[in-house]
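One structure below.
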Amino acid sequence: MATIKIIHTADWQLGKPYGRFPQEVRSALSEARLDAIDRIASAARDTGAGQVLVAGDVFDNVEPGNRVVVQAMSRMGHAPVTWWLMPGNHDHLRAGGLWSRVRGLAPPNVRVIDRSEPMELDEGAWLLPAPLEHRRTREDPTALMVGMATPPGALRIGLAHGSITDFGASGESPNQIPPDRARTAGLDYLALGDWHGFLAVGDRTAYSGTPEIDRFGREDAGACIEAIVRTTDSPVLTRRSTGRYRWLERRWDFVEADDLAAAIEALRGEGALADVLLALKLSGTVSLANRVGITASLEEQLSLAVRHLEVDAAGLIARPTAEELAEIDVQGALAGAAAVLRERAGAGGPDGEMAAAALERLYVEALRFDRGAAQ
Amino acid sequence: MILNSLEVANFRKFRDPLKLSDFSPGLNVIVEPNERGKSTLLEALRAAFFIRYSAKHELVRSFMPHGDDVAPRIAVEFAAGGKSWMLQKQFLRAPFVRLTGPDGRRESEAAEEALQELLGFERGNNRGTDPETRGPLGMLWVEQASALAVETPNRIVRDSVRSILEAEVGAVTGGKRFDAIRNSVETSYANLRTARTGQSRGELAAAEARLAAASDARQAAETTLRGYEHSLTELEQARARLRIIERDLADPEAAELRRKLEEDVKAGQAVQLRLSIAEAEHGRAVEIEKAAAGRVEALQQAESRAAAAAEQEREKRAAYESAKAAADGASKEERTLRAALDARSADRETREVAVAAARARATAFARSISTCRARDSRTALTELEKQERELRIEADGQIQQGDLDGLAAREKAVVEARARFEAGAVRIDVELADGVSLRVDGELSEVRRFDALSVTRFAIGDAGSFVVRPPAGVGRSIEAELAAAETQLAAKLRELAVSSHAQALTRSERARAAARQLQAVRRQIAAACPGDPTIGLAPGAEALRAFTAALADDDAVPLMPDDDIGALEAGVSSARAEEAAAMGRQDESRGALSKAEAKLAAAAADHASSVKEEQTAVFNLRAVRSAGEKAKLEEVLAEAQSSRTKKFEALGAARDAAKNLQVEAIQRRLTNLKRAADKAAEERLELVRQIGSLEATVSREGAIGPAGVAKEAIEEEAAARDAHERLRREADVLGMLRGALNDAAAQASRTFLAPVSKRAARYVERLLPGCALTFDDELGLTSIGRAGTDEACGGLSRGTQEQLAILTRLAFADLLLEDGAPVSLILDDPLVYSDDVRLEAMTDIVLEASERMQVLLLTCRSKAFRHLDANRIVL
């Protein structure tokens, strides 16, 4: 019974700009994607796998700069494994495009897969790749695998990039792959890319997910798959963590300001905050003072602790108390302005939101003045 | 405050003192036409209260009456604070101020300060024109034109009103806290937007700029990406075209077509070859026919030529033979004549020999005779030469006449010297015995005779001596002269080799005679040697001597020959004549012979030529005939003609065949095919070049990562948009807050100013029913609300504005009055723009006000205010 141990990974999306993040976060995230290569190499070394299959989307776009390409090639060149890089929908094949450059810059242990032809992966193990030539195609990129001949008794490992037809409810998503492709093409394993999380489809098909998470909506850290592929039995798949940053989305509902401390404490329990990117949605109805206190705490404390913090506080409604309004002023122009704003905030709508914000600001300004006066 | 009297002097048009003293505490109306000084009175009041007595500025100087240099002076009696006061002020000249009140009199600064204190105003600027400092009276004493505008009350009034209102209302806008908070909000807002126009600035403007730049960058990146994609597409297309062209270039059908066409070309070329062969064969047949015809003709020609040549030969032979006979005859005659000539020549030679011999003999004889003569001449010559020698020696003794004369002179000199000597000298003759020696002046002397000319000692042996002393005056010079003369003579004689002058004369004479003889002898010698050509002897003695020296000693005289040379020579002459005649005859015959021989040679040549021609013709004929006899030749010709006809037909057929296979047309097709292939190859090259260029472009631009750059730019734009949106929202929030604060402040203001509004409203209601007044923070009337809409003051009519100005002043005056401030209202020419209804309403209000305060109304319109029940004052 022939077996081979490989590392299956995908969706590196090197060169992703992270343009909406501040510069230092951008640099850290970009660097982390490159570091993932080293971690994949470590995983290969640790498990003894000699081949690393990258199932598409090695690069974030069809034409990243040479800087990214060179850095990636340099890291791959240092690892004692063979890297099989296959174009995906983000970095699909184009005559004379990116992959020509990659080929020109690649070290000897990097193989660029730019043809849908069987390639001998190792003795007795053949790779049946389906590199994408278009960003979107209606055709099933794996259809050719059925007709790909390999020596009798050889392991057949498919490598493709796209969605399993079952994924979308509409069935309209591009690059669709039938869920039973492994069976129809006689594959011992079909290594897929595109889906950024780990997903096994049947016992011979799996998505490795991205080695380094790149967006909110995926709680797990990035990983790759160590796959032991066997001729008869289904492959043994083991996840090997490679990700550094955690992209966490949280919705914190407040009744009291004390809830914040508990939430932060809970977050701390999930891992090192320094490697966490947190997208926070605040909700609830609190006093004006609490709202100000909560947003201030987030801004002044939590945002410094985590790698990056995004707060959506639109859902955190401030309901000013009589005391709070009195703190602004009990009579006179300030009290009048506060009353007007409160009324407008109560009316809701965009103007109401703005009025609420204005009232909050007025409250902050009043507190600031009183604090200054007290000092 | 109540004005009781006003007195002015030296003030503008009031040069003379003017005193008005019948003011009532209520309404006073001064009705005067224009230019009577109503406004001057108000000016004087203002000057008295508000302008410092010591001031000397422009305004103060204008108080002086025109053209005068006097001190403007004002005196006012008034009541304030329930007390009576007297104010006196003089400007410019001896200026002073004096305030006299219930508690005494104050002057100078103290007076001014007391006045300010009393009436609630402050010391103004140096120009006296600062309304802010003038307090309530400044507001209420309304100058002519300034009443037209609704003005904010001055600072002192404002502060007074505020303090009054704060007490009255008891509520404030929020005071410092409100101001600080609003300022903070304003500052925050101003950091994002300008307060006035709401234009973005600071961070918001920067965010907008960032967004704009990011949009531009994104567009640029997308353009670059599109360009790059375009290059990629072009590259792909170029490669596709290249594949097609390369396939076309390798198309087997095209190759097959070309091969077939090439075969056709070959076939066509073969047909062409056959055609050219047929053409060649036809040509050859034509040539053969021509040759056969030629041979037949040649035979005919050869035959006629042979006949003609035979005839010619016969003629030429006859001519030759006759010429030969003629030549033979001439030859024979020439030989005869030549023999005759030879005989004559021999005869003549014989005779010539004889003559020569005779001549030789005669010559020999003549030479012998000459030789004998020469020998004789030689003998004579020897003698003559001897004479000549002698004579020459003699002739050599000749002495020149000069020498002779010199000699004679010298002889004469000696004689004369001697005579002188002898006359002076002492002659001493000494005779000595043998063995006795003579010493003259110590010297041994052999001479025995002496002519002593000086003291001379003679010693004779040992016997003694004596001294000869010649007479004085005889000197040694005489002796010397004599000796010199003798010496010269002796020298001349030696030179001439004579002993005396006489001998010299003789010798000279002989020599001259010898010279003459010598010449004669020399002429004889020349005559004796005439020379003789017969024997080759030249004239002259030397030739003769040479000739004779060579002769042998033969004295024999030859015999004279007896030949008749004349006869002999005559014989020779006749023989020569005969010879010449014979020679002439022989010459003539030789010429005839030559001509005959020339004729013969020509005839022989002609004959030989004709013989040759005959032989040639015969040979030719034989040769022609060897090709065949005439009948045979004609047969050959007929055959050739028939062959030519056949070849001509074959040629026609070949031409037809060639016409069917057009090699050129096929080749044109082939060329076209080839050109198309070439073109494709060119296109291929161009595509390869283009692909290379595009690949370079793609590789260069791709290295920059256009898609990555574009994506980054898009995200940056989104980030910039978010940032901008956040700031914009913050600005909006701040704007809303600011608006709310301002609205609240305005609202508070309204509440706060309610007492003023209320008081003013009382009046306004009567004038403009249903109108509400709005005052701003500075107590300025900002707008009136009519029929639910606010109308800014500036937009109101001038009349309304003036009326409102008076009414608001009245309202403030009421408030101040209630607070106990000294108040009086002076209106200078008011309400000029008011219509009758408004005017009446206004005068009613003023009249009512005059019940609470003194009102002074200055006007030129007597009719307008006639209805008023007022105290009327006349200037």
Side-chain angles (χ1 to χ4, degrees), chain A residues 14-22 26 59-70 90-91 94-101 104-105 328-329 331-344 350-351 353-362 364-366 368-370 372-373, chain B residues 171-178 180-182 184-185 188 214 225 228-229 231-233 235-236 239 691 694-695 698-699 701-720 722 729-730 732-749:
Chain A
L14 299 172
K16 187 163 180 155
Y18 297 108
R20 51 187 279 258
F21 293 93
R26 242 185 250 194
F59 297 99
D60 180 58
N61 55 65
V62 279
E63 229 49 79
N66 266 10
R67 188 180 160 70
V68 170
V69 177
V70 167
H90 275 261
D91 54 357
R94 296 192 301 180
L98 164 66
W99 290 101
S100 306
R101 275 195 290 133
L105 295 166
I328 294 174
D329 212 342
Q331 58 180 2
L334 288 174
V340 167
L341 291 174
R342 190 177 163 212
E343 193 179 332
R344 286 171 77 173
D351 183 69
E353 278 175 32
M354 206 184 286
L359 180 59
E360 188 176 327
R361 180 67 183 255
L362 179 58
V364 170
E365 292 288 346
R368 193 177 293 159
F369 176 83
D370 293 342
Chain B
V172 289
T173 51
K176 260 167 65 183
R177 188 160 176 272
F178 175 84
I181 290 171
R182 184 163 68 166
S184 173
V185 171
S188 298
L225 178 58
Y228 174 77
E229 301 277 354
S231 295
L232 269 187
T233 311
L235 179 59
E236 182 112 42
R239 280 178 174 156
I691 286 167
L694 283 167
E695 276 174 349
V698 162
S699 142
E701 290 180 0
I704 300 159
V709 171
K711 192 164 177 191
E712 210 166 319
I714 288 167
E715 292 191 2
E716 163 60 17
E717 189 189 10
D722 287 350
R729 192 181 142 76
E730 189 182 341
D732 288 348
V733 166
L734 283 167
M736 179 184 271
L737 178 54
R738 178 172 171 260
L741 287 172
N742 286 341
D743 287 350
Q747 183 58 43
S749 251

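This is a predicted model, so every value here is computed, not measured. Lettering of chains follows the sequences in order, A, B, ..., and the numbering in each one begins at 1.
In this structure, A:Glu360 and B:Val733 have side chains that are not in contact, with every pair of non-hydrogen atoms separated by 4.5 Å or more. Annotation: side chain of A:Val340 is not in contact with side chain of B:Asp743 (no heavy-atom distance under 4.5 Å). Residues A:Asp351 and B:Met736 meet the side-chain proximity criterion, which asks for heavy atoms closer than 4.5 Å.
Contact annotation for A:Ala355: both backbone and side-chain heavy atoms come within less than 4.5 Å of a heavy atom of chain B. In this structure, chain B has no heavy atom under 4.5 Å from any part of A:Leu14. Proximity to chain A (any heavy atom under 4.5 Å) is shown, for B:Arg738, by neither the backbone nor the side chain. Looking at A:Asp370, only its side chain comes within 4.5 Å of chain B, counting heavy atoms on both sides. Within the 4.5 angstrom heavy-atom criterion, atoms from both the backbone and the side chain of A:Leu362 approach chain B.
Among all heavy-atom pairs drawn from B:Ala719 and A:Gly19, the shortest one is CB-O, 3.5 Å. Closest heavy-atom contact between B:Ala740 and A:Ala337: O-CB, 3.7 Å. Between B:Tyr228 and A:Gly97, the shortest heavy-atom distance links the atoms OH-CA, 3.9 Å.
Electrostatic pairing of B:Glu730 and A:Arg361 counts as a salt bridge here, judged by a charged N lying under 4.0 Å from a carboxylate O.
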For residues 701-709 of chain B, which side-chain donor-acceptor pairs fall under 3.5 Å, sequence neighbours excluded?
none

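Other residues, nucleotides and ligands contribute at most 12 non-hydrogen atoms within 6.0 Å of the CZ atom of A:Arg342.
Between chain A and the residues B:Arg729, B:Glu716, B:Glu236, the most heavy-atom pairs under 4.5 angstrom are made by B:Arg729. The candidate with the highest count of non-hydrogen atom pairs below 4.5 Å against chain B, out of A:Ser100, A:Ala339, A:Pro17, is A:Pro17. Between chain B and the options A:Met354, A:Glu365, A:Glu353, A:Arg368, heavy-atom pairs under 4.5 Å are most frequent for A:Met354. Ranked by non-hydrogen atom pairs under 4.5 Å with chain A, the options B:Leu235, B:Leu734, B:Val185 are led by B:Leu734. Counting heavy-atom pairs under 4.5 Å between each of B:Arg239, B:Lys711, B:Glu229 and chain A puts B:Lys711 at the top.
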Can you list the steps and then say if A:Arg20 with B:Asp722 is a salt bridge (Lys or Arg N to Asp or Glu O under 4.0 Å)?
CA-CA 9 Å; A:Arg20 51 187 279 258; B:Asp722 287 350; 5.4 Å; no

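Interatomic distance, CZ of B:Arg177 versus CG of A:Asp329, reported as 5.0 Å (0.5 Å rounding). Here CG of B:Leu232 is found 10.0 Å from CG of A:Leu98. Values are rounded to the nearest 0.5 Å.
Every residue was checked against the side-chain hydrogen bond (donor to acceptor under 3.5 Å, both in side chains) condition with B:Glu715, not counting sequence neighbours, and none meets it.
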